[in-house]
Amino acid sequence: MQSQSVFHFFISGLTLIVGAVNNLFIFSADLDFKGLFDFLLTAATVIALLGGTGIGALPLKFFPIFETKDGKNNGLLSLCIVGGLSMSLAIILILHILLYFNDHIGSKFLMTVASHKWVVSFLIMLVVQNQIIVKYLHNYQKVSLTTFVTSFIFKLLTGLVFLLAIQKIISITFALKSIPLILLFEWLIMMYYLYRLNNNGFTWIDRQFLAPRFKTEIIPYAIAGIFMTISYTIIDKITLSMLGVLAGFKENGIFAINSYIATLVLIPYISIVALYAPVISKAMANSDYEKVQEKYRKSSDFLLAFGILIFLLIWANIDLLPLISKNITEVINHKYVIFFIALGYFVNMTCSVNDHIIAYSKSYQFNIWAGIILIVTDVLFNYLLIPIYGVYGAGIAAGLSLTIFNVVKSWFIFKKWKMNVLHENTLWIFALGAVTFIGLNFLNIGYFWGMLFLKNLLILLVFLVPLIYFGRSEILEELKGKYLKPYLSKF
């Protein structure tokens, strides 16, 4: 697991570089096109969440149950692929019926989707299928591979297509039609890898094994899975869908780039949680709550500390971006969008694996109510705040929705299993981050490079040194004991 985590950080770093190049030099050159591009992709993802992605929750939950002694899996993958395809086609049919009657419905969202309905239709199908394969590969601890394919390759190819469109080498229409082709390419790569992983073969659905579980276990869990897949990833997708309609595609582009910058704080979260998911699944299946509590609390301190550190470094150095690319200036003028979104992410990281604890327990249905709360609050806050505060309103809505969502789930975990993720270390890390952030905003001298140096020095002295010295994270203490102390003992 440790080697996977290190390699995942490496892949995340490469993805970060590609994403930075895209946003600084390519996407920021045409914010309207960027806004439309993100609107279509997120619209397809949101629509897919209404049914199809519930199938994507099955691989991690039922993998231990379906697995046989000889390593086969009683057709779980086949079941998920066929089920995902069926649900996707049903959703696409409903979408086209709604588009046909939209003259009577009068939905601005559907009106925008109608112009690119076939692009959105194929995206819905491929979003569902890709999520199934990604979750299935996580059972084999292949987190780095899925990140490489779905993040690095996706950003690389979309950046290339976007650049060709801006340079007028291809049309914008052709560029938009290429998005489903990129997702199809990702799916083929992962399917080929999974095919080789399963000794050049797949197991078809075992009806005899499936029959007693289909109605009583699988169908209810797939329905609940619609809401289990909702987390920090759906917030920006709902927002981009609403912002494009309520404000405009340029505002969508500004929000999308700021949101991307904010999601950089989630790099450690994505790595750790993806690796912990199968561990939590097995521990909850065996009622090993002590192990779950250990992962819950240890990951919380580490993720919060690492996430705040990344945010502080971004905030201290964000004024460098206009020097690198003039196109980014208008985006950075709205940098407090990053702050509001990051606040919600801090709460999400503090609550660490709360989503998985509930999802892999017998009380997984609670995620239905938590997911409904998230959707309702995010839509409501966006509807109320975007017309008043524009892009900032979208950022505030995202932060508030994530906070409420995670507080509700963590409260349920505490009431159900007496697992409490909050303790004095949490408050200590938050306090260090708050003091450092205030210092960064008040620090202002005339010399640009001098101010940049002092801001980074402030992060080191006020946040990082006290964090490491006082040992306020168990994982950081383990890393310090393993790597730092042997090095310092030589001096």
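For the numbers below, each heavy atom of this structure counts, side chains included, while hydrogens, waters and symmetry mates do not.
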Counting C-beta onward and ignoring hydrogens, is there a side-chain heavy-atom pair between [X] and [Y] closer than 4.5 Å?
X	Y	result
Phe448	Leu323	yes
Leu264	Tyr345	no
Ile257	Leu31	yes
Tyr260	Lys155	yes
Phe154	Phe185	no
Ile92	Met125	yes
Leu123	His116	no
Ile332	Ile261	yes

[Y] backbone acceptor or donor facing [X] side chain under 3.5 Å:
X	Y	answer
Ser410	Val407	no
Ser178	Ala175	yes
Asn382	Leu243	no
Ser361	Ile358	yes
Asn327	Ser28	no
Thr403	Gly344	no
Ser352	Tyr296	yes
Asn102	Ser107	yes
Ser151	Phe148	no

Heavy atoms only: give me the nearest [X]-[Y] pair and the separation to one decimal.
X	Y	value
Ala316	Leu452	O-CD1, 3.3 Å
Leu95	Ser121	CD2-OG, 4.5 Å
Ser299	Ile272	CB-CG2, 4.2 Å
Gly433	Leu312	O-CD2, 4.0 Å
Ile26	Gly159	CD1-O, 3.7 Å

**Request:** May I ask you to establish whether Lys418 and Phe414 are in a cation-pi arrangement, using a distance under 6.0 Å from NZ or CZ to the six-membered ring centre and at most 45° from the ring axis?
**Result:** yes

Distance, nearest 0.5 Å, that separates [atom1] of [X] from [atom2] of [Y]:
X	Y	atom1	atom2	value
Leu422	Leu304	CG	CG	10.0 Å
Leu432	Ile308	CG	CD1	8.5 Å
Asn444	Leu440	CG	CG	12.0 Å
Leu313	Phe463	CG	CZ	9.5 Å
Asn354	Asn348	CG	CG	7.0 Å
Asp355	Lys409	CG	NZ	3.5 Å

**Prompt:** Considering residues at least two apart in sequence or located in another chain, which fulfil the side chain to side chain donor-acceptor pair (under 3.5 Å) criterion with Tyr389?
**Reply:**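 Tyr389: no side chain to side chain donor-acceptor pair (under 3.5 Å) contacts found.
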
**Fill in**
For Ser325, the side chain to side chain donor-acceptor pair (under 3.5 Å) test, sequence neighbours excluded, returns none

Whether over 12 other heavy atoms sit under 6.0 Å from [X] [atom1]:
X	atom1	answer
Lys177	NZ	no
Phe25	CZ	yes
Tyr100	OH	no
Phe122	CZ	no

**Asked** What do the steps show when you test Trp118 against His96 for ring-ring contact (aromatic ring centres under 6.0 Å, His included), and what is the final call?
**Response** CA-CA 9 Å; Trp118 288 111; His96 281 257; 4.7 Å; yes

**Request:** Decide side chain to side chain contact (heavy atoms under 4.5 Å, CB included) for Ile280 and Ile357; before the verdict, give the C-alpha distance in whole Å, the side-chain angles of both, and the deciding distance to 0.1 Å.
**Result:** CA-CA 7 Å; Ile280 298 296; Ile357 293 172; 4.2 Å; yes

**Request:** With side chain to side chain contact (heavy atoms under 4.5 Å, CB included) as the test, would you mind laying out the steps for Phe405 and Thr377 before giving the verdict?
**Result:** CA-CA 9 Å; Phe405 178 59; Thr377 54; over 6 Å; no

**Asked** Listed by chain and number, what are the ring-ring contact (aromatic ring centres under 6.0 Å, His included) partners of His334, not counting sequence neighbours?
**Response**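 For His334, the residues satisfying ring-ring contact (aromatic ring centres under 6.0 Å, His included) (neighbours in sequence not counted) are Tyr392.
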
**Request:** Determine, stepwise, if the pair Asp301 / Arg297 fulfils salt bridge (charged side-chain N to carboxylate O under 4.0 Å, His left out).
**Result:** CA-CA 7 Å; Asp301 293 344; Arg297 179 166 289 190; over 6 Å; no

**Request:** Start with the C-alpha distance between Asp378 and Leu402, add both sets of side-chain angles, then the distance that settles side chain to side chain contact (heavy atoms under 4.5 Å, CB included), and finish with yes or no.
**Result:** CA-CA 8 Å; Asp378 194 40; Leu402 269 175; over 6 Å; no

**Prompt:** Does the gap between the ring centers of Phe346 and Phe311 come in under 6.0 Å?
**Reply:** yes

**Request:** Verify side-chain hydrogen bond (donor to acceptor under 3.5 Å, both in side chains) between Asn456 and Asn317, making sure each step is shown before the conclusion.
**Result:** CA-CA 8 Å; Asn456 286 279; Asn317 297 283; 3.0 Å; yes

**Worked verdict on Ile338 versus Ile318 for side chain to side chain contact (heavy atoms under 4.5 Å, CB included)** = CA-CA 11 Å; Ile338 302 171; Ile318 199 167; 3.5 Å; yes

**Message:** Classify the ring geometry of Tyr360 against His356: parallel below 30°, tilted from 30° to 60°, perpendicular beyond 60°.
**Reply:** tilted

**Request:** Check the pair Phe339, Phe437 against ring-ring contact (aromatic ring centres under 6.0 Å, His included), reporting the backbone distance first and the verdict last.
**Result:** CA-CA 10 Å; Phe339 169 73; Phe437 178 73; 5.0 Å; yes

